[in-house]
Enquirer: 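Dropping a structure here in C-alpha cells format, bear with me for questions.
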There are 2 protein chains.
Amino acid sequence: MARKQGSHAGITGPKVQDAALRLFAQHGYAAVSMRQIAAEVGVQAGALYNYTADKQSLLFDLLRGNMTELIDALDAAALTGTPLARLDAFTRFHIRFHLPRRDTVFLSYMELRNLTDENFAQIAELRRAYEDRLEDILHDGVASGDFTVPDCRVATLGLIALLTGITNWYRPGGRLTAAEIEANYCTLVCQSVGARLA
Amino acid sequence: MARKQGSHAGITGPKVQDAALRLFAQHGYAAVSMRQIAAEVGVQAGALYNYTADKQSLLFDLLRGNMTELIDALDAAALTGTPLARLDAFTRFHIRFHLPRRDTVFLSYMELRNLTDENFAQIAELRRAYEDRLEDILHDGVASGDFTVPDCRVATLGLIALLTGITNWYRPGGRLTAAEIEANYCTLVCQSVGARLA
DNA sequence: GTCTATAGGTAGATAGAC
DNA sequence: GTCTATCTACCTATAGAC
C-alpha cells in the first residue's frame, strides 16, 4: 500500500523525543534550541511543531513519561517479604531502572526548574508517590524492629539521593560491573537503616 | 578623601557575583541573561564587563571559589580521632558547610555541563580532592576493622550524594531543625559503613 | 508532513560619550 | 565606571507553498 509522499508519522515523532532527551541531558533545556533538535532529527525547525505544541511540552512529556513508567514498573514488581527483603528489592529495582536511563534521570533531577508551575506540580506529585513507596518500607521495618531509623522521611529522601547519585558517575565499561555496583549499594543501604545483613 | 564620581569599585563587583549566583541557581546558567544580572545589580548590561571577561567566567569563578573555600574549610577543621569520630565530624562539617550555601551547591552540581572543557577539568580536580578526604577516612576505618564497606570509592561517592541531597529539600523553618537533620544523617552515615554507634 | 521564509524578539558583547 | 546605542547572531513560533 503506497504511503503518502514525505509522510513519516510514527517515525519522526519518536525521533523528536529521542533527540530532545539526548540534547537536553547533554547541554540543558535552556541551552538547546529547537533548531538543534531539528538538525539532530534531520528536519527543519518548523516541522517539529507537528509533534509538539512547544518546547516546554517537549520537556514536560519526557519527565512525565519517565515518572509514570518508573512508578508503574515499581508497582509491577510487587515487592513482598520482610522489610529487609523489600528494601533490598527496592534498591535493586531503583538501580536497574535508573542505570540504563541516565539521560532521563539527569533531566528529571536537573530540569525541574524549567517547568512551568503547573507542570512542576504534576511532576512533584509523581515523585512524591514514588518516594512514599520507599517510606512505607522503612516505616514497616521500624515497626517490626528490623530497622533503626531516626526519621523515615529523612531516610527516604537520603536513600533516594544516595541511589540516584550513581547515575552521576556510572559509565558502562568502568571499573565495576552493574551487578557489583548493585551489590555494593545494597550493603550500604541495608546497613544504613541499621538492618542486620543476611 | 573624595571618591571619583560614579566609582563603586569594591561594591559593584561583589554585587555582580551575588546576583549571578542567585539568578543562576534559580533559573539556570543558560536561562539567565547578562541583562537580567545587570538589572538585579542596578546597572546597565555593558557595565558588567568591567567585572568579568564574559558570562562563562562569571560561572567558573563562582564554582571555583566555592570549591576552594570548601576544601580550605575542611582542612582547617583538621579531623582527628578514631575513624568513626572522623566520619562523624566529616558528616557534620559537610552539612554545616552546605546548608547555608544551597544556591552555590546547587550550581556546583547542576551547571558543570555549562563549563568549557578546560574550566570543567579544574573544577573536577577540586571535587576529587574533596572526595579523597572522605575516602581516606573510609580506608582507615576498613583497615582498623571499624567499618564494613565493600568498596571505599563507591561508598565515598554514595555518601557525598546522600549528604549533598539535603540541599534539595531542606528549607529553613521546616519540620526539622538543622541540628536534628545533622543528627539524623550522622546516624544514617555511620550505620551505612557498618560502624557500631557509640 | 515538510519545506522556505519570516515575524518579532532577545542574546552576548563592544564602542564611544561623559 | 557607567551610560546609551548598536552590531551580529540567534531564538521560538507561525504562515503559506508544495
Side-chain angles (χ1 to χ4, degrees), chain A residues 1-24 26-62 107 111 113-116 118-119, chain B residues 1-24 26-63 107 111 113-119:
Chain A
M1 196 177 302
R3 208 177 49 184
K4 276 182 195 164
Q5 191 185 27
S7 172
H8 299 289
I11 297 192
T12 302
K15 279 172 75 175
V16 170
Q17 293 273 331
D18 288 351
L21 169 58
R22 189 165 42 251
L23 289 171
F24 287 167
Q26 191 170 357
H27 305 292
Y29 172 77
V32 172
S33 70
M34 294 297 270
R35 280 174 175 78
Q36 284 176 271
I37 297 171
E40 186 91 355
V41 172
V43 297
Q44 292 300 314
L48 294 180
Y49 292 88
N50 289 315
Y51 301 97
T52 183
D54 50 25
K55 193 182 170 189
Q56 167 76 200
S57 299
L58 219 40
L59 175 63
F60 177 60
D61 290 344
L62 283 170
L107 267 196
E111 298 292 359
R113 291 174 303 185
N114 286 307
L115 292 173
T116 63
E118 292 155 0
N119 288 345
Chain B
M1 197 178 300
R3 205 177 50 184
K4 275 182 196 164
Q5 189 183 27
S7 171
H8 298 290
I11 297 191
T12 302
K15 280 171 75 176
V16 171
Q17 293 274 330
D18 288 351
L21 169 60
R22 188 165 45 249
L23 289 171
F24 287 165
Q26 191 170 359
H27 305 291
Y29 172 78
V32 173
S33 69
M34 295 296 272
R35 281 173 177 79
Q36 282 177 273
I37 298 171
E40 186 90 356
V41 172
V43 297
Q44 293 300 313
L48 294 180
Y49 292 87
N50 289 315
Y51 301 98
T52 182
D54 50 25
K55 194 182 171 189
Q56 167 75 200
S57 299
L58 219 40
L59 175 62
F60 177 60
D61 290 345
L62 284 170
L63 297 193
L107 266 197
E111 298 293 359
R113 292 174 302 186
N114 286 308
L115 291 174
T116 63
D117 289 348
E118 292 155 0
N119 287 345

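To find a chain, count down the sequence lines: A is the first, B the second, and so on, and within it residues start at 1. In this text the structure is predicted, and so the values were computed from the model without any measurement.
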Enquirer: Can you see if the side chain of A:Thr12 gets near the phosphate of C:dG1 - specifically, an N or O under 4.0 Å from OP1 or OP2?
Expert: no
Enquirer: OP1, OP2 of C:dG1 versus side-chain N and O of A:Tyr51: anything below 4.0 Å?
Expert: no
Enquirer: Strictly distance-based, threshold 3.5 Å: is any side-chain N or O of A:Tyr29 a donor or acceptor partner for the main-chain N or O of A:Leu107?
Expert: no
Enquirer: Once side-chain contact (heavy atoms from CB on, under 4.5 Å) is applied, do any residues pair with A:Ser57, and if so which ones, sequence neighbours excluded?
Expert: A:Thr52, A:Ala53, A:Asp54, A:Asp61
Enquirer: With respect to the phosphate group of C:dT2, does any side-chain polar atom (N or O) of A:Gln44 fall under 4.0 Å of OP1 or OP2?
Expert: no
Enquirer: Which residue, A:Ala47 or A:Ala31, contacts DNA chain D at a nucleotide closer to its 5' end, judged by nearest heavy atom?
Expert: A:Ala31
Enquirer: Counting only N and O atoms by type, is there a donor-acceptor contact under 3.5 Å from the side chain of A:Gln26 to the main-chain atoms of A:Leu23?
Expert: no
Enquirer: In this structure, how many angstroms lie between the P atom of C:dG12 and the CD atom of B:Gln56, rounded?
Expert: 13 Å
Enquirer: Let me know the distance between OH of A:Tyr49 and P of D:dC11, rounded to the nearest Å.
Expert: 11 Å
Enquirer: Using the side chain to side chain donor-acceptor pair (under 3.5 Å) criterion, which residues pair with B:Gln44? Sequence neighbours excluded.
Expert: none
Enquirer: Name every residue in residues 33-42 of chain B that has at least one heavy atom under 4.0 Å from any atom of DNA chain C, in order of residue number, or write none if there are no such residues.
Expert: B:Ser33, B:Met34, B:Arg35
Enquirer: Mark yes or no for whether B:Gln56, through its side chain, and B:Asn114, through its backbone, hold a donor-acceptor pair below 3.5 Å.
Expert: yes
Enquirer: Roughly how many Å is it from CG in B:Leu58 to P in C:dA13, rounded to a whole number?
Expert: 10 Å
Enquirer: So A:Leu58 and A:Leu48, do their side chains get closer than 4.5 Å, heavy atoms only?
Expert: no
